[in-house]
Amino acid sequence: MSITQQKQSIDHTSNGFDHTGYQYIEIFGAREHNLKDIDVQLPRNQLVVITGISGSGKSSLAFDTIYAEGQRRYMESFSAYARSFIGDMERPDVDKINGLSPVISIEQKTTSRNPRSTVGTTTEVYDFLRLLYARAGTAYSYLSGKKMIRQTESQIVDHIAGEFDNSVLTLLAPVVKGRKGHYRELFVQIRKQGFTKVRVDGQVQELVPKMQVDRYKIHDIEIVIDRLKVAVQEKSRLTDSIKTAMYHGKGVILTLDEQGNTYHFSKYLMDPATGLAYDEPAPNTFSFNSPYGACPTCRGLGTFAKITRETVIPDPSLSISRGGIAPLGEYRDIWIFKKLNSLLKRHGANITTPIKELPEEILEVILHGDSVPVAVDSVKYPGQKWHTKFEGIISFLEKQKDSGSDKIRKWVEEFTQVSDCPDCSGARLKKESLHFKIDGKNIAELAEMDIDQLNNWLRGLEDRLESKQRVVAVEILKELRKRLGFMVNVGLGYLHLNRPLRTLSGGESQRIRLATQIGTQLVGVLYILDEPSIGLHQRDNQRLIQALKDLRDLGNTVLVVEHDKEMMLSADHIVDIGPGAGRHGGTIVAQGSPELFIQKDSDTAQYLSGTRKIPVPRNRREGNGATLKLQGASGHNLRQVDLEVPLGKMVCITGVSGSGKSSLIHDTLIPILKSKLYKSKREPLPYQSIDGVQHLDKVIEVDQSPIGRTPRSNPATYTGVFTDIRALFTNLPEAKIRGYKPGRFSFNVKGGRCETCQGGGMKQIEMDFLPDVLVPCETCKGKRYNRETLEVRFKGKSISDVLDMTVEEAVTFFENQPKILKKIVTLNEVGLGYISLGQHATTLSGGEAQRVKLSSELSKRDTGKTLYVLDEPTTGLHFQDVKNLLLLLNKLVNKGNTVLIIEHNMDIIKAVDHIIDLGPEGGEMGGKMVCFGSPEDVANHPESYTAKFLRQELNDQ
């Protein structure tokens with residue numbers, strides 16, 4: 001399609017040029033990845049959707065061409081000196097781009113894995129709450145519960161003169177509070193300053209030469225500043241003495257009356273009853289990422305990982321020789337068991353004694369060690385004994401957790417129990433920070449509220465504040481309400497501020513960043529988003545679309561890579577890339593306004609217009625008659641939910657975002673099943689009982705977490721097909737002549753790999769102020785291997801060429817290698833024919849990673865009694881891909897297996913056998929079973945949001 005034809009097909013909302021002088025973003029000759037030298041015009045300041053079949057080249061155009069060029073131009077604006085530190089970015093394979101604005105990309109895979117990153121910190125809502133508490137919070141004593149007060153010197157003088165008129169008082173300045181030491185130098189210093197008396201641990205003493213106290217005991221030391229009779233008429237001496245006491249006591253003084261009663265005064269926050277003082281509050285006082293605010297026990301994480309007796313000895317009825325100590329397993333002829341046997345013999349027992357019959361003191365030694373050496377018979381020198389100390393199983397595991405390799409640390413995690421921190425009870429902050437309150441609530445209580453609840457609490461807060469607080473808080477509250485409003489508008493009202501970012505789906509993290517961007521109120525920017533509707537129920541879709549339109553109406557261009565029908569029909573302009581995936585795609589097959597677009601002949605246009613549809617099954621399956629029953633699930637926001645999953649069917653869990661779907665399935669049902677079937681240690685959320693597990697022998701969970709965190713992970717290594725490919729290359733005549741073993745063809749070990757990049761193919765360039773950039777290795781040019789390894793070829797292709805092949809090409813290439821072909825064909829069947837076998841895991845979207853996992857499981861032999869659990873498998877899928885996925889899932893169910901899907905996509909929901917709908921709302925208003933049954937039964941339910949949209953889908957058939 002020529003530029004002239006494209007201009008005619010673009011339907012403008014405004015025909016004028018914007019302030020840049022450009023009406024379009026014009027791309028000429030884009031050839032990145034599979035793009036076939038395309039020219040395209042995108043209207044500026046409009047909402048543009050780029051769509052097409054998976055792998056057709058949407059991301060190549062939006063991210064790898066437009067965004068990459070925008071980022072490169074930004075880098076070129078740096079001085080030559082600055083660029084010398086960060087290197088030059090490679091120019092995308094495109095002839096020319098005109099009308100390009102500053103670009104901000106909001107992708108799925110940029111979610112932080114740091115447990116300290118939360119919804120509150122990312123959106124900056126928590127930062128404003130910290131500021132609010134630092135400036136307007138009221139402090140309370142954690143000892144007496146009374147309100148803390150701060151006084152000026154003149155207020156303290158007036159208070160003492162009024163309260164203690166005609167009384168004899170001793171004024172004290174505290175210099176040591178609750179610390180050990182002999183303080184010899186301190187007493188010398190006090191004498192030099194002209195003072196004659198001190199009070200040590202409640203006793204007033206004369207200062208004498210060489211005076212000191214017991215260095216191993218905790219002491220309180222105060223300087224006796226003055227002893228005077230208080231008179232209201234004559235306050236000059238009292239004023240001078242208090243000023244001196246304040247100076248030496250660093251803002252804190254004590255008064256002692258004749259009866260021995262002590263009273264505390266401070267110009268800082270202080271509890272007058274106990275003398276407890278707080279530092280002046282600052283925003284970092286309420287930060288769990290700062291040592292000034294974080295709980296010292298858990299260091300601001302809120303949780304405490306501990307290796308306990310229960311995790312190390314799960315079954316005390318077993319003996320040590322039969323595997324009673326889980327980290328050791330069953331008896332083997334190794335040093336640790338001989339050591340344990342010698343230890344037990346010393347106490348009159350042996351390793352065949354059941355653990356529950358061992359005395360408590362022996363168990364303590366086994367778990368935590370002993371300083372007494374243990375004598376063990378030497379194998380090498382018969383008749384000789386080795387005397388060594390036994391450090392204890394738990395002590396050993398703790399040491400490995402801190403200093404072992406990643407593999408060892410992962411192993412130790414199996415015996416680690418994570419629980420709330422005993423000091424802060426999961427609140428993350430130190431106790432002083434938790435005793436600053438506004439309207440009766442501390443900052444941790446607000447962080448545990450969901451966004452909707454917090455919004456309600458902020459409503460009318462000014463009326464509940466004191467006048468001084470109100471003046472300080474008014475601007476902060478305005479900013480808070482604005483940001484929370486943006487989050488509600490993008491459908492995130494059910495999240496709470498303390499929710500770790502790593503637990504969010506790709507769509508949720510994207511919408512959080514979108515809410516943050518709307519809050520910045522930037523103008524003249526090009527925003528590129530990657531499927532922001534992921535994980536969003538149809539009910540909330542309109543809110544998201546409106547948020548994107550608001551971003552556009554500020555004067556920005558919004559470019560969205562999307563498959564959602566409603567999003568496409570609400571756009572100003574649609575660009576369809578295709579017609580197929582990989583080498584079969586990469587061209588513009590249709591574009592125009594939604595009204596013009598649906599009249600075109602492309603696959604997408606036909607699905608939008610209703611010419612083509614994903615059919616509803618004529619008959620729903622009856623299942624095998626067995627049922628999996630979970631009773632009384634009550635974790636997170638679940639309200640005593642009773643779940644019944646009919647086996648032998650395709651079952652869909654639906655409900656609005658935040659209704660409790662993941663809590664019920666991923667955090668309750670799956671940990672229970674894995675515990676029963678595989679003895680997994682992961683703790684499920686609270687529940688009462690489960691029945692029907694005997695009908696299953698395997699549970700397979702396929703989620704959207706990445707298949708690897710480094711460029712070394714790829715689809716070939718994850719599915720295991722790379723092991724078979726290496727074995728094939730090892731058996732080639734050339735490899736045998738050279739004596740190459742399978743390790744020679746591994747890019748993770750020395751020998752065959754390129755040592756410059758250590759087999760990564762890419763080198764990471766650290767960009768101080770920007771995300772790190774990966775560039776091809778200059779030695780191997782991204783091939784990962786050295787020259788000798790690449791000389792071994794199969795059908796003319798080296799091992800590097802095989803990794804560069806697309807899955808579709810590999811199916812043909814390995815057609816006579818059944819073991820390899822089986823795994824590659826499955827990758828092709830799940831719609832991943834366009835990705836290369838060696839594509840870096842870090843470049844795969846959440847949906848692609850999930851389909852790689854799905855194909856890995858599908859290539860294994862099924863038993864007919866397997867439960868497959870999929871979390872939004874339609875992520876990143878075009879209508880045609882959804883149709884193909886359904887064919888694949890139906891094959892599994894037809895073999896007797898059960899497929900359980902968490903999904904919002906109506907094309908999947910209408911095609912399943914059984915629906916379980918949770919809700920009715922998200923967060924605190926959710927967590928209930930709304931309805932269940934066949935799609936036809938659920939569609940007639942009056943209170944279900946899912947039913948409303950499902951009814952519409954079924955009626956359109």
Side-chain angles (χ1 to χ4, degrees), residues 1 5-6 8-11 34-36 38 40 42 47-62 531 533 538 541 545 559-618 808 828-834 847 873-890 903-911 935 949-957:
M1 192 184 284
Q5 289 172 312
Q6 287 179 30
Q8 291 167 359
S9 69
I10 292 174
D11 180 35
N34 67 330
L35 297 178
K36 293 176 180 169
I38 62 171
V40 62
L42 306 174
L47 175 57
V48 180
V49 169
I50 298 180
T51 189
I53 201 161
S54 302
S56 60
K58 304 180 299 296
S59 294
S60 297
L61 176 63
E531 289 196 82
S533 65
Q538 293 295 315
N541 231 2
I545 292 166
L559 196 58
V560 185
V561 176
E562 188 58 271
H563 296 288
D564 182 72
K565 185 176 181 179
E566 198 177 354
M567 181 77 78
M568 286 190 240
L569 293 173
S570 302
D572 300 315
H573 190 77
I574 304 173
V575 177
D576 189 11
I577 300 181
R583 60 182 176 174
H584 304 299
T587 58
I588 306 292
V589 292
Q591 70 166 323
S593 67
E595 296 77 19
L596 292 172
F597 183 82
I598 58 173
Q599 297 167 25
K600 310 271 181 177
D601 195 33
S602 74
D603 284 355
T604 310
Q606 288 178 2
Y607 277 106
L608 281 183
S609 63
T611 312
R612 292 172 69 179
K613 291 177 181 174
I614 293 172
V616 173
R618 289 181 185 173
E808 192 179 20
N828 202 31
E829 284 177 347
V830 295
L832 291 176
Y834 60 91
T874 59
T875 300
L877 293 190
H878 186 265
F879 303 107
Q880 188 59 42
D881 298 316
V882 173
K883 194 174 183 178
N884 296 338
L885 177 70
L886 278 169
L887 288 172
L888 201 66
L889 297 178
N890 278 318
E903 191 53 89
H904 295 292
N905 188 311
M906 284 296 152
D907 288 325
I908 291 276
I909 296 170
K910 72 183 181 186
F949 295 98
L950 180 58
R951 199 158 47 239
Q952 200 175 317
E953 282 288 330
L954 294 174
N955 291 338
D956 287 347
Q957 293 296 313

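Checked by atom type, the side-chain pair E903/T874 shows a donor-acceptor distance below 3.5 Å. No hydrogens or angles considered: a donor-acceptor pair under 3.5 Å links the side chains of T604 and H878. Inspection of the Q538 and H904 side chains reveals no N or O donor paired with an N or O acceptor under 3.5 Å. Side-chain contact annotation: T611 with S609, donor-acceptor N/O pair under 3.5 Å present. Of the N and O atoms on the side chains of S533 and E562, at least one donor lies less than 3.5 Å from an acceptor on the other residue. No donor-acceptor contact under 3.5 angstrom links the side chains of Q591 and D576, judged on distance only.
Without hydrogens or angle criteria, K883 side chain to I614 main chain gives no donor-acceptor distance under 3.5 Å. D881 places a side-chain N or O within 3.5 Å of a backbone atom of S54 that can act as its donor or acceptor partner. The backbone N or O of G585 sits nowhere less than 3.5 Å from a side-chain atom of S56 that would complete a donor-acceptor pair.
Separation of atoms NZ (K910) and CZ (R951) is listed at 16.0 Å; rounding is to 0.5 Å. Distance check: L569 CG to I598 CD1 gives 7.0 Å after rounding to the nearest 0.5 Å. Taking CD1 from I50 and CG from L42, the interatomic distance works out to 6.0 Å, rounded to the nearest 0.5 Å. Expressed to the nearest 0.5 Å, how far CG of N905 lies from CZ of F879 amounts to 8.5 Å. Rounding to the nearest 0.5 angstrom, the gap separating the CE atom in M568 from the OG1 atom in T51 is 3.5 Å.
In this structure, L886 and L888 have side chains that are not in contact, with every pair of non-hydrogen atoms separated by 4.5 Å or more. Residues L950 and P935 are in side-chain contact: their nearest non-hydrogen atoms beyond the backbone lie under 4.5 Å apart. Side-chain contact between L954 and V616 is present, with at least one heavy-atom pair separated by less than 4.5 Å. A heavy-atom distance below 4.5 Å is found between the side chains of I588 and V575. Contact of the L885 side chain with the P873 side chain is registered, since non-hydrogen atoms from C-beta on lie closer than 4.5 Å. Residues T587 and I577 are not in side-chain contact: their nearest non-hydrogen atoms beyond the backbone lie 4.5 Å or more apart. Between N34 and R583 the shortest side-chain heavy-atom distance does not fall below 4.5 Å. Considering only heavy atoms from C-beta on, S593 stays 4.5 Å or farther from D572 through its side chain.
For the pair S602 and V589, the tightest heavy-atom approach, listed with the atom from each and the gap, is CB-CG2, 3.9 Å. Minimum interatomic distance between G592 and F597 (heavy atoms only, all atoms of both residues): O-CB, 4.2 Å. Residues K58 and G52 share a closest heavy-atom pair of NZ-O, 3.2 Å. Closest non-hydrogen pair, M906 versus F949, comes out as CE-CB, 3.6 Å.
With Y607 as the fixed residue, the side-chain hydrogen bond (donor to acceptor under 3.5 Å, both in side chains) test singles out one of K613, K565, Q880: Q880.
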Does the pair H573 and V49 meet the rule for a side-chain contact (heavy atoms from CB on, under 4.5 Å), with working shown?
CA-CA 6 Å; H573 190 77; V49 169; over 6 Å; no

Can E808 and N828 be said to form a side-chain hydrogen bond (donor to acceptor under 3.5 Å, both in side chains), step by step?
CA-CA 6 Å; E808 192 179 20; N828 202 31; 6.0 Å; no

